[in-house]
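Below, chains carry the letters A, B, ... as their sequence lines are ordered, and counting in each starts from 1.
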2 protein chains.
Amino acid sequence: MSEATAKQGPDTRARILNAAESLFMTHGFEATSMRMITGQAEVNLAAVNYHFGSKDALIQEVFRRRLTELNRDRLGALEAEEALANGAPLKPSKIVAAFFGVSLKMAADTEHGGATFMRLLGRTYTEPNEFVRQFLAEEYAEVVQRFMSALYRALPDVPREEILWRFHFMMGAMSYAIAGTDALQLFAGDFDDEDPTRLMPRLMSFLLGGLRAPLPEEVIESRAIRRDAA
Amino acid sequence: MSEATAKQGPDTRARILNAAESLFMTHGFEATSMRMITGQAEVNLAAVNYHFGSKDALIQEVFRRRLTELNRDRLGALEAEEALANGAPLKPSKIVAAFFGVSLKMAADTEHGGATFMRLLGRTYTEPNEFVRQFLAEEYAEVVQRFMSALYRALPDVPREEILWRFHFMMGAMSYAIAGTDALQLFAGDFDDEDPTRLMPRLMSFLLGGLRAPLPEEVIESRAIRRDAA
DNA sequence: ATCCTGTTCAAACGTTCGTTTGAATCATAC
DNA sequence: GTATGATTCAAACGAACGTTTGAACAGGAT
């Protein structure tokens, strides 16, 4: 049989994953039913359970296929910078650019659904669902550890706890910006769907400004006290 | 009948609102059923529909009762600063402190459920549910408009579009920090539930650093060009 | 005692959910 | 052709959902 006559479209698995990804983004996990997914994918209702086993397993697979690539790229960008640095500590801006630049690059990819996924991911960071969160943590474990080590080396004078907090804040700013829900309708009608490439320099300025901000007095004081005691 | 013998606990409405608030935070809106709510509140299943009409109306009321107070306090803090300034433009740090300081103050209130609500609110900013988002936008309309006006006055040389973006970023960093899901388990075990009052100076340093960061080159260039053309 | 209004209660409503089933259909190898 | 394993299909499953119902109960005024 000629390849062109294969029932319809690409294989069922991919059709399901793509439909699920966009529906999860629009409606959330719980509010997206199997019937909505199989309807949009134009496959039979039973196909999800046949190919993935369960709805939860489908959710995991939606994330796994993208996150594997995303985190590989992030590590790749970090390693490229480290290779250039020849063992010297990296500049913080390079580290931040490696992590968030790759994220924003995927968020700008509207061709292959990367943008859809990043918006979904941004929402999922605040998802209460326990098994989703555990899965996210596992997928991120290595990349978080590597980037944190790089930041610790880059900022030896800043307490590690503070670096953790600021990375946390940066993750929040990025997620929110990419998810782009604009729940408060700040951009009332004006810039509803901006070109996401223009987001990159804006976000990067903001993140680096936050990262480089002077430490709060409280922290400085406690460090001064510690230094005095020594 | 003596007041102490009234069936059980305080009135049914408040019991339902409190139970719903904490369950929504833990499980999300969709995953929280009426039976879970009435079970935790120890009231009859039909009580929600009797007192509120529907589940959606209950969700709205959960937010309304807190947001009304929160946004009143935010406006109050802003007006207090404006009164001190005597018509002069406010310093950006004062404006940011008015908005986010009030938020963090509520987030630190574990006594009356304010902390629970702020974590719920942080998650809700990324909630896809349409009617929730519309409701949020309405509740925030006035306070957003007032704070934006103040920021425009405070930063007359910064393009308004840039101010909008940075406020957007700040909202993201705060929401994420307060929701505190730590999906990536950055703080693996170490600081699971930190004292939220210590969050305040850290977040404020970060936010102000981001707000005051130099504009991205792209924006500066386009402004220079515009100035040249004039 | 009687009525009235507000509230609680157990039970049921119809709908939708995720999942399972067993037969039908396909592609391929013999 | 026929057998084999993978996939699709229509139909049904039990469970859980939000909501409605009508009776039971409460306290206060007449």
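The shortest side-chain heavy-atom distance between A/I163 and A/Y152 falls under the 4.5 Å cut-off.
At whole-Å resolution of the value, CD in B/E30 and P in C/dG18 are 11 Å apart. Atom C1' of nucleotide C/dG18 and atom NE2 of A/H51 are separated by 17 Å, given to the nearest angstrom. Straight-line distance from the CD1 atom of B/I37 to the P atom of D/dT19: 10 Å, rounded to whole Å. Following rounding to the nearest Å, A/M34 (CE) and D/dA10 (C1') show an atom-to-atom distance of 17 Å. What separates CG of B/N49 from P of C/dC13 is a distance of 17 Å, to the nearest Å. For B/E42 and C/dA10, the CD to P distance is 13 Å, given to the nearest whole Å. Between the CG atom of B/N44 and the P atom of D/dT21 there is a distance of 16 Å, given to the nearest Å. The separation between B/L45 atom CG and D/dT20 atom P is 12 Å, rounded to whole Å.
In the set D/dT7, C/dT8, C/dG18, the nucleotide with an atom closest to the side chain of B/Y50 is C/dT8. Distance from the side chain of A/A46 is smallest for D/dC9 among the nucleotides D/dC9, C/dT19, D/dT8. Checking D/dG18, D/dT7, C/dC17 against the side-chain heavy atoms of A/S33 singles out C/dC17 as nearest. For B/R35, counting side-chain heavy atoms from C-beta on, the closest listed nucleotide (D/dC9, C/dT7, C/dA12) is C/dA12.
Across all strands, B/T38 comes closer than 4.0 Å to no nucleic acid atom at all (heavy-atom distances).
When only modelled atom types and interatomic distance are considered, B/T124 and B/R133 share no side-chain donor-acceptor pair under 3.5 Å. Side chain to side chain, B/S175 and B/R123 fail the donor-acceptor criterion of an N or O pair below 3.5 Å. Counted by atom type alone, B/T116 and B/S22 present zero donor-acceptor pairs between their side chains at under 3.5 Å.
Look at B/T12 and you'll find a side-chain N or O under 4.0 angstrom from OP1 or OP2 of C/dT8.
In this structure, B/R166 forms no cation-pi arrangement with A/F206, as its terminal cationic atom is not both closer than 6.0 Å to the ring centre and no more than 45° off the ring axis.
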